[in-house]
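As a basis for the values below, the full set of heavy atoms in this structure was taken, side chains included, without hydrogen atoms, waters or symmetry mates.
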Amino acid sequence: MLQEVTSSRIQECYTYRKFDYKKIGLLGAGGATVAAANLPAANSDDDEEEVYVDHAQATRYRRTRMFRHFCSFSSFKYKTELFMTGEDFLRAILFKSQRMQGHRYKDIEHLTDEEFQSILNSAPPHSRETRGLFRSLGKDAVISYPEYLFLVSILSKPRDHFLKTFQMIDVDKNWVLTKDEFELVERLFSRGVIEENIENTTLKVHFFKMDGSGVITFDDFVHFLDGLQKECLEVEFNEYAKGSGQIQEEDFAELLLSRTLLSELEKDKYRGRISKKGETDGGIHFFQYSQFMNLLNDIHDLEIALRMFQIAKKPVTPEEFQRAVRVCTGTPLDDRMVKLTFKIFDEDGDGNLSHEEFMKVMKDKIRSRGTVDVQIPPKSWKAFRKCVHERMTLASI
């Protein structure tokens, strides 16, 4: 398994090297948006803002941008570890920094043994009926940094990759996950060094019970991941909907263009197409937004289908686009979203999709999901070696 993980890490470095190191992140593509993808540069003024960083924990996890982001949203400290609440986790997904919420970084609350145990006791039992787990947890949860990294990484997994993720964790291949197997993920993300005196977290109790006797089946795992992705999409959507139950076309464009590598000048080009074509079909509901965002999971198959039109020098009409989506995903895209897609990506107004523009933005969006833009300078093999070293360190458990 170690060889497979290490090989994939090196392949990531090679892949991103071809993109001038603009993105070096965690795993996967597609899924719900992760606001941590646009954290400020390490030498920027924003990085000088006060952030609580536990130095004992930093020696285990390295003071990466993702770790600093985790620290800035964490509420609790127990022994030598920082922890997020369920509320903290969702805010960290949505916002780039605490300042985006109108306040500075908060103080860390130091938990006693009794307080920590009380939070663990409040963890809800695992159930297929559970909806909106992290919202229901609120402030009564303790989520560790390795768990945070794991959750962020699977936010970017397409559904057909859930099986591969499960099989990587299921060491004995018996189709159930135990607490010991789940803790292998922690060791992977914590460089093999975790706080041995902290046996449980809210997620561990939720999945495996207080005594560690519980197990997760593959169906349970898929249900959890589906719920996680949907919940984060809902949080993102509701931030723009402001309680109205729908967002406007301008909001959709901002959500689509956010956390891409496009310059503001390039983004204005797309914004202008929305404002020029003043007619609107009303607001966009969550099921429409979710359907489009989940389309990103199959974007590579869709690219192949659309490239066939490009090779044949045939225009991609709304009807052909809808047919390609149905073939690649198995379900049609809502007509409202097809029309909006063409409004944004019809460069010359001829009613046909500008294939290259569409794919550029979509693939750029994918690369920003579940990742942190660490902005490693493109210095030939030096940056490549640094990337390989970091990923092999993570894999060496």
(message) Can you confirm whether the side chains of N121 and S118 place a donor and an acceptor under 3.5 Å from each other?
(response) no
(message) Are D301 and V327 packed together at the side-chain level, in the sense that at least one heavy-atom pair is separated by less than 4.5 angstrom?
(response) no
(request) Hey, could you give me the CG/OG1 distance between L333 and T341, rounded to the nearest 0.5 Å? (result) 6.0 Å
(message) Please verify the inter-ring angle class for F134 with F224; under 30° counts as parallel, over 60° as perpendicular, anything in between as tilted.
(response) tilted
(request) Given side-chain contact (heavy atoms from CB on, under 4.5 Å), test V152 with L149 step by step and report yes or no. (result) CA-CA 5 Å; V152 168; L149 290 181; 5.7 Å; no
(request) Say whether D211 and S213, considering side chains only, have a donor N or O and an acceptor N or O under 3.5 Å apart. (result) yes
(request) Indicate whether the side chain of Y289 and that of E236 have a donor and an acceptor atom separated by less than 3.5 Å. (result) yes
(request) Check the pair R271 / E264 against salt bridge (Lys or Arg N to Asp or Glu O under 4.0 Å), numbers first and verdict last. (result) CA-CA 10 Å; R271 294 169 181 145; E264 284 302 311; 3.1 Å; yes
(request) Before accepting this row, confirm whether a basic side-chain N of the pair E357/K360 lies closer than 4.0 Å to the acidic partner's carboxylate O. (result) no
(request) Identify, with sequence neighbours excluded, every residue that meets salt bridge (charged side-chain N to carboxylate O under 4.0 Å, His left out) alongside D220. (result) R128
(request) Take atom CE of M210 as the centre, draw a 6.0 Å sphere, and report whether it contains more than 12 heavy atoms from other residues, nucleotides or ligands. (result) yes
(request) Show the numbers, then the answer: is there a side chain to side chain donor-acceptor pair (under 3.5 Å) between D335 and Q322? (result) CA-CA 8 Å; D335 289 341; Q322 179 69 280; 3.2 Å; yes
(request) Decide yes or no for P332 and V325: does some side-chain heavy atom of the first lie under 4.5 Å from some side-chain heavy atom of the second? (result) no
(message) Pair L340, M337 - check side-chain contact (heavy atoms from CB on, under 4.5 Å), show working.
(response) CA-CA 5 Å; L340 183 54; M337 301 311 294; 4.2 Å; yes
(request) Check whether the ring centres of F162 and F221 lie less than 6.0 Å apart, and answer yes or no. (result) no
(message) Minimum heavy-atom separation for L133 and E231, please, with both atom names.
(response) N-OE1, 3.3 Å
(request) Report yes or no: do Q117 and D113 form a side-chain donor-acceptor pair below 3.5 Å? (result) no
(request) Side-chain contact test, heavy atoms from C-beta onward, threshold under 4.5 Å: evaluate it for D88 versus K139 and give yes or no. (result) no
(message) Is it the case that the side chain of S74 and the backbone of F70 share a donor-acceptor pair, with hydrogens and angles ignored and the cut-off at 3.5 Å?
(response) yes
(request) Report yes if the distance between the aromatic ring centroids of F83 and F116 is under 6.0 Å, otherwise no. (result) yes
(message) Please give me the minimum heavy-atom distance between Q167 and W175, naming the atom from each residue.
(response) NE2-CH2, 3.8 Å
(message) Using a 3.5 Å distance criterion without hydrogens, assess whether the side chain of R326 forms a donor-acceptor pair with backbone atoms of T331.
(response) no
(request) Answer whether the closest heavy-atom distance between the side chains of T201 and I143 falls below 4.5 Å. (result) no
(request) Verify the ring-centre separation between F73 and H69: is it less than 6.0 angstrom? (result) yes
(message) Please check this pair: side chain of S354 against backbone of F345, looking for a donor-acceptor N/O pair closer than 3.5 Å.
(response) yes
(message) Any donor-acceptor pair under 3.5 Å linking the side-chain atoms of S144 with those of E147?
(response) yes
(message) Tell me whether the rings of H126 and H223 are parallel (<30°), tilted (30 to 60°) or perpendicular (>60°).
(response) perpendicular
(message) Quick one about D140 and S122 (side-chain donor to acceptor, distance below 3.5 Å, no hydrogens or angles considered), yes or no?
(response) no
(message) Can a side-chain donor-acceptor contact be found between D334 and Q288 if the only test is distance below 3.5 angstrom?
(response) yes
(request) Taking all heavy atoms of G138 and all of T85, pick out the closest pair and write down the distance. (result) O-CB, 3.4 Å
(message) For a side-chain contact (heavy atoms from CB on, under 4.5 Å) check, start with the C-alpha distance between V142 and Y78, then their side-chain angles and the critical distance, and finish with the verdict.
(response) CA-CA 9 Å; V142 281; Y78 177 62; over 6 Å; no
(message) To the closest 0.5 Å, what do you measure between CD (E181) and CG (D172)?
(response) 4.5 Å
(message) Measuring from atom NE2 of H206 to atom CG of L137, what distance do you get when rounded to the nearest 0.5 angstrom?
(response) 8.0 Å
(message) If I compare all heavy atoms of Y270 with all of V361, which pair ends up nearest, and what's the gap?
(response) OH-CG2, 3.8 Å
(request) Write down the atom of A141, the atom of T202, and the distance for their closest heavy-atom approach. (result) CA-OG1, 3.3 Å
(message) In this structure, would V215 and F150 fall into the same cluster of hydrophobic residues linked by side-chain contacts under 4.5 Å?
(response) no
(request) State plainly whether the residues E87 and R135 are in salt-bridge range, i.e. N to O under 4.0 Å. (result) no
(message) Does atom CD (E115) have a neighbourhood of more than 12 heavy atoms from anything else shown, all under 6.0 Å?
(response) yes
(request) For P318, enumerate each residue passing the side-chain contact (heavy atoms from CB on, under 4.5 Å) test, keeping only those at least two apart in sequence or located in another chain. (result) V338, F342
(request) Quick one: pull up CE in M308 and CG in L306 and give me the separation to the nearest 0.5 Å. (result) 10.5 Å
(request) Examine the side chains of Q229 and N294 and answer whether a donor and an acceptor come within less than 3.5 Å of each other. (result) no
(message) I'd like to know whether the aromatic ring centres of F252 and F292 sit less than 6.0 Å apart in this structure.
(response) yes
(message) Is there a side-chain contact between K230 and R131 in this structure, where contact means two heavy atoms from C-beta onward sitting under 4.5 Å apart?
(response) no
(message) Could you tell me if the side chain of D346 sits less than 4.5 Å from the side chain of L353, heavy atoms only?
(response) no
(message) Check for me whether the distance between the ring centres of F321 and F358 falls short of 6.0 Å.
(response) yes
(request) Indicate yes or no: does K77 engage E81 in a salt bridge with an N to O separation below 4.0 Å. (result) no
(message) Measuring from atom CZ of F286 to atom CG of N238, what distance do you get when rounded to the nearest 0.5 angstrom?
(response) 7.5 Å
(message) Determine whether R336 and K339 satisfy the following criterion, side-chain contact (heavy atoms from CB on, under 4.5 Å), listing intermediate values before the conclusion.
(response) CA-CA 5 Å; R336 171 80 171 85; K339 184 176 180 180; 5.6 Å; no
(request) To the nearest 0.5 angstrom, please state how far the OG1 atom of T165 sits from the CZ atom of F218. (result) 9.0 Å
(message) If the threshold is 4.0 Å, N to carboxylate O, is there a salt bridge linking K343 and E249?
(response) yes
(message) What I'd like to find out is whether the side chain of I169 reaches to under 4.5 Å of the side chain of L184, using heavy atoms alone.
(response) no
(message) Looking at K269, I want to see if its NZ is surrounded by more than 12 non-hydrogen atoms of other residues, nucleotides or ligands under 6.0 Å.
(response) yes
(request) Output yes when a side-chain donor or acceptor of S244 lies under 3.5 Å from a complementary backbone atom of Q246, and no otherwise. (result) yes
(request) Mind listing the closest non-hydrogen atom pair of K179 and N200 along with its distance? (result) NZ-OD1, 2.8 Å
(message) Salt bridge or not between D170 and K173? Use side-chain N to carboxylate O under 4.0 Å.
(response) no
(message) Contact between V235 and I93 at the side-chain level, heavy atoms closer than 4.5 Å - yes or no?
(response) no
